[in-house]
Amino acid sequence: MYGLVNKAIKDLVTEKFGEDKWEVICDLSDFDEGDFVAMDSYPDELTYTLVKNASIVLKADASVVLDAFGEYWILYTADEGYNDLMNITGSNFVDFLENLDMLHYRMNNIMPHLQAPKFQVRNKAENSLELIYTSHRKGLTPMLFGLVRGLGKRFNIETTMVEIDRGDLPEDSHVFLVKW
Ligand code: HEM
């Protein structure tokens, strides 16, 4: 994944738990470059290793780390210069979710190796919808919970989300019922 993702993990850990913890995580992960280049692409394995070791060092389940990371990502990307992109992605929660592919498509223009996830919204109702998330990457669904919660906060709404049966969809798809 692009260095921007790893940089955000680093920022989250150092901001909330201190530099020392981050250094231990880097040691355990055999990462000695100090920092990441936001616009360089790194092996996915490195991101998974950083999350695994963060969970060991911070004594939290990997799913808790990924969830916290998801929520942090919404604030982090806005801070890192992508707030305009977020503004044009949607002026409300539902529009934003419907335009997630467009957001990543735009990122693809500046990050040619981006392997973005795919999203689809269905069964929209007044205060709920179903979000379909599709990715070749495994194990990242806990991040989705944090991302959607963080996005709700951006629009001043409180959301709840559960994963529901994927039905006939392929195995790399996950379906969530989102309510607010
Ligand atoms: C301006 C805001 C955003 C930017 C700049 C951005 C950019 C990125 C980048 C660079 C990656 C790494 C993928 C790669 O390197 O191949 C990524 C992954 C991801 N993004 Fe976004 N993103 C943004 C917002 C969102 C939002 C709001 C969501 C969902 C609500 C989302 C869902 C994901 C997920 C789940 C991944 C993990 C990769 C995967 O599942 O395969 N992103 N995004």
Side-chain angles (χ1 to χ4, degrees), residues 1-19 21-22 25-26 34-42 44 46-48 50-51 54-55 58 60 62-121 124 127-129 131-135 137 139-161 174 176 178-180:
M1 285 202 238
Y2 270 88
L4 186 69
V5 173
N6 300 329
K7 254 174 124 50
I9 299 175
K10 176 186 175 180
D11 259 51
L12 170 65
V13 172
T14 50
E15 214 176 86
K16 302 236 154 76
F17 303 95
E19 295 265 352
K21 297 277 190 231
W22 177 247
I25 293 165
C26 287
D35 210 348
F36 308 93
V37 180
M39 301 307 264
D40 275 6
S41 187
Y42 294 79
D44 279 4
L46 175 60
T47 309
Y48 283 101
L50 291 170
V51 170
S55 110
L58 305 175
S63 65
V64 174
V65 174
L66 281 169
D67 180 300
F69 175 68
E71 184 165 350
Y72 188 73
W73 183 244
I74 302 292
L75 300 173
Y76 182 82
T77 46
D79 259 12
E80 286 298 298
Y82 299 104
N83 199 40
D84 286 350
L85 172 62
M86 293 183 99
N87 283 336
I88 58 165
T89 298
S91 57
N92 62 65
F93 181 65
V94 177
D95 282 358
F96 199 109
L97 289 178
E98 288 189 308
N99 288 327
L100 277 174
D101 283 359
M102 194 270 288
L103 179 155
H104 287 108
Y105 182 75
R106 285 174 194 258
M107 287 307 294
N108 211 172
N109 288 333
I110 54 167
M111 295 178 164
H113 302 294
L114 192 81
Q115 293 179 298
K118 293 259 178 297
F119 291 95
Q120 199 191 320
V121 170
K124 272 197 289 178
N127 292 102
S128 70
L129 54 76
L131 180 68
I132 306 174
Y133 156 68
T134 306
S135 170
R137 297 187 176 100
L140 296 181
T141 54
M143 181 180 162
L144 251 297
F145 286 84
L147 279 163
V148 170
R149 195 174 58 247
L151 201 55
K153 284 188 182 169
R154 186 179 162 91
F155 293 108
N156 296 316
I157 55 172
E158 213 173 294
T159 59
T160 61
M161 187 167 109
H174 297 268
F176 301 95
V178 185
K179 291 185 181 173
W180 60 92

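A 4.5 Å side-chain heavy-atom check between R137 and Q115 finds at least one atom pair inside the cut-off. Taking 4.5 Å as the limit, some side-chain heavy atom of V94 sits within range of a side-chain heavy atom of W180. Under the 4.5 Å side-chain criterion, counting only non-hydrogen atoms from C-beta, Y48 is in contact with L140. Side chains of K7 and Y2 form no contact here, defined as non-hydrogen atoms less than 4.5 Å apart. Residues V148 and F176 are not in side-chain contact: their nearest non-hydrogen atoms beyond the backbone lie 4.5 Å or more apart. L85 is listed as a side-chain neighbour of M107, based on a closest heavy-atom distance under 4.5 Å. Within the 4.5 Å cutoff, the side chain of L131 has heavy atoms near those of the L144 side chain. Side chains of K16 and L58 form no contact here, defined as non-hydrogen atoms less than 4.5 Å apart.
Minimum heavy-atom separation, L50 to I25: O-CG2, 3.9 Å. The heavy-atom pair separating L151 from I74 by the smallest distance is N-CG1, 3.9 Å. Shown here for F145 and T141, the closest heavy-atom pair between the two residues is CD1-O, 3.4 Å. Closest approach of G90 to F155, counting heavy atoms only: O-CZ, 3.5 Å. In this structure, M1 and D44 approach most closely via the heavy-atom pair N-OD1, 3.0 Å. Scanning all heavy atoms of the two residues, the minimum distance from Y42 to F36 falls at OH-CA, 3.3 Å.
When each of N92, L129, V121 is paired with E98, the side chain to side chain contact (heavy atoms under 4.5 Å, CB included) condition holds for V121 and for no other.
Checking side-chain atoms of D95 against main-chain N and O of S91 turns up no donor-acceptor pair under 3.5 Å.
Rounded to the nearest 0.5 Å, atoms CE (M111) and NE2 (H104) are 9.5 Å apart. F69 contributes atom CZ, which lies 7.5 Å from atom CG of L12 (distance to the nearest 0.5 angstrom). In this structure, the separation between NE2 on H113 and CG on N108 is 10.0 Å, given to the nearest 0.5 Å. Taking CG from N127 and CD1 from I157, the interatomic distance works out to 8.5 Å, rounded to the nearest 0.5 Å.
By the 4.0 Å N-to-carboxylate-O rule, D101 lies too far from K118 to be salt-bridged with it.
The stretch residues 63-89 participates, sequence neighbours left out, in these side chain to side chain donor-acceptor pair (under 3.5 Å) pairs: E15-Y72, D61-S63, D67-R149, E71-R149, E71-K153, N83-R154, N87-R154.
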